[in-house]
Amino acid sequence: NAGVTQTPKFQVLKTGQSMTLQCAQDMNHEYMSWYRQDPGMGLRLIHYSVGAGITDQGEVPNGYNVSRSTTEDFPLRLLSAAPSQTSVYFCASSYFSGGFAGELFFGEGSRLTVL
Amino acid sequence: GENVEQHPSTLSVQEGDSAVIKCTYSDSASNYFPWYKQELGKRPQLIIDIRSNVGEKKDQRIAVTLNKTAKHFSLHITETQPEDSAVYFCAPIIQGAQKLVFGQGTRLTINP
């Protein structure tokens, strides 16, 4: 049981490049989400999903796209990277049945630097 | 949506002393109140939680208390140890909500 797995752990991009952060969970969680954490800051919600085929925006969605074609996977796409997107990105998942049932499980994080 | 505030933003205590972090929320429909701990360079992890029908919950040196009338809940750490140094986040959840919003975090430093 691997929990929540994120790849890559580290990535350096040039301004304007695109990339996808991968997230997979093996706990059969309905809910998946992406957060970004800037240095010394809190966790800000980018996008979330309550099930396959369903996604919605969080607090800071601009510049990011997501899709949820399967229960297990929730990739985050950066369309045209900007230095302001330099951050640590966390994927998280949870049981969800009409509402949160408990703990949010986080991946180890992906550190992204945009030059 | 839920407005969440944590106080203090930073807290420094002597090893062995107690620490208290408070989380204030705005929506009276909130019914689940977790605290997460994030050590330096690591992922956030749940350390304790409480539901709205309970006033207090303890787990060894940590406890959470809930005041639904005043709309706040607090994390209490007793006999603090160096490994308690971390950033702590609250994340009150509104029943049926789909967005989970975290407080801004409290950086706790334990001085030897």
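First the proteins, then the strands, lettered A, B, ... as listed; each starts at 1.
- Using a 4.5 Å cut-off between heavy atoms, I93(B) contacts chain A through its side chain alone, with no backbone atom that close.
- Chosen from Y31(A), Y48(A), F105(A), the residue pairing most often with chain B at heavy-atom distances under 4.5 Å is Y48(A).
- Applying the 6.0 Å contact sphere to NZ of K68(B) captures more than 12 heavy atoms from other residues, nucleotides or ligands.
- The only option from Q22(A), Q6(A), K9(A) that meets the side chain to side chain donor-acceptor pair (under 3.5 Å) definition with S110(A) turns out to be Q6(A).
- With a 4.5 Å cut-off on non-hydrogen atoms, Q98(B) touches chain A through its backbone and its side chain both.
- Chosen from G105(B), A97(B), A91(B), the residue pairing most often with chain A at heavy-atom distances under 4.5 Å is A97(B).
- No side-chain N or O of S30(B) forms a donor-acceptor pair with one of D27(B) less than 3.5 Å apart.
- For chain B, the nearby part of Q57(A) is the backbone; its heavy atoms alone come within less than 4.5 Å.
- Under the 4.0 Å criterion applied to side-chain N and carboxylate O atoms, D38(A) and R44(A) are assigned as salt-bridge partners.
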> Are T24(B) and H7(B) close enough, and set up right, to give a side-chain hydrogen bond (donor to acceptor under 3.5 Å, both in side chains), and what steps lead you there?
Replying inline: CA-CA 8 Å; T24(B) 303; H7(B) 294 281; 5.9 Å; no
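- A 6.0 Å sphere centred on CE of M41(A) holds no more than 12 heavy atoms belonging to other residues, nucleotides or ligands.
- With a 4.5 angstrom heavy-atom cutoff, L43(A) touches chain B via backbone and side-chain atoms both.
- Within the 4.5 angstrom heavy-atom criterion, no atom of Q6(B) approaches chain A.
- The choice from N31(B), L100(B), V101(B) that makes the most heavy-atom pairs within less than 4.5 Å of chain A is L100(B).
- In terms of heavy-atom pairs under 4.5 angstrom with chain A, the leader among K42(B), Q104(B), Q38(B) is Q38(B).
- Interface remark: F90(A) contributes side-chain atoms only to the contact with chain B (heavy atom separation under 4.5 Å).
- With a 6.0 Å radius and a threshold of 12 heavy atoms from other residues, nucleotides or ligands, Q17(A) has its CD atom above the threshold.
- Within a 6.0 Å radius of CD in E5(B), no more than 12 heavy atoms belonging to other residues, nucleotides or ligands are found.
- Of the atoms belonging to P34(B), not a single heavy atom falls under 4.5 Å from chain A.
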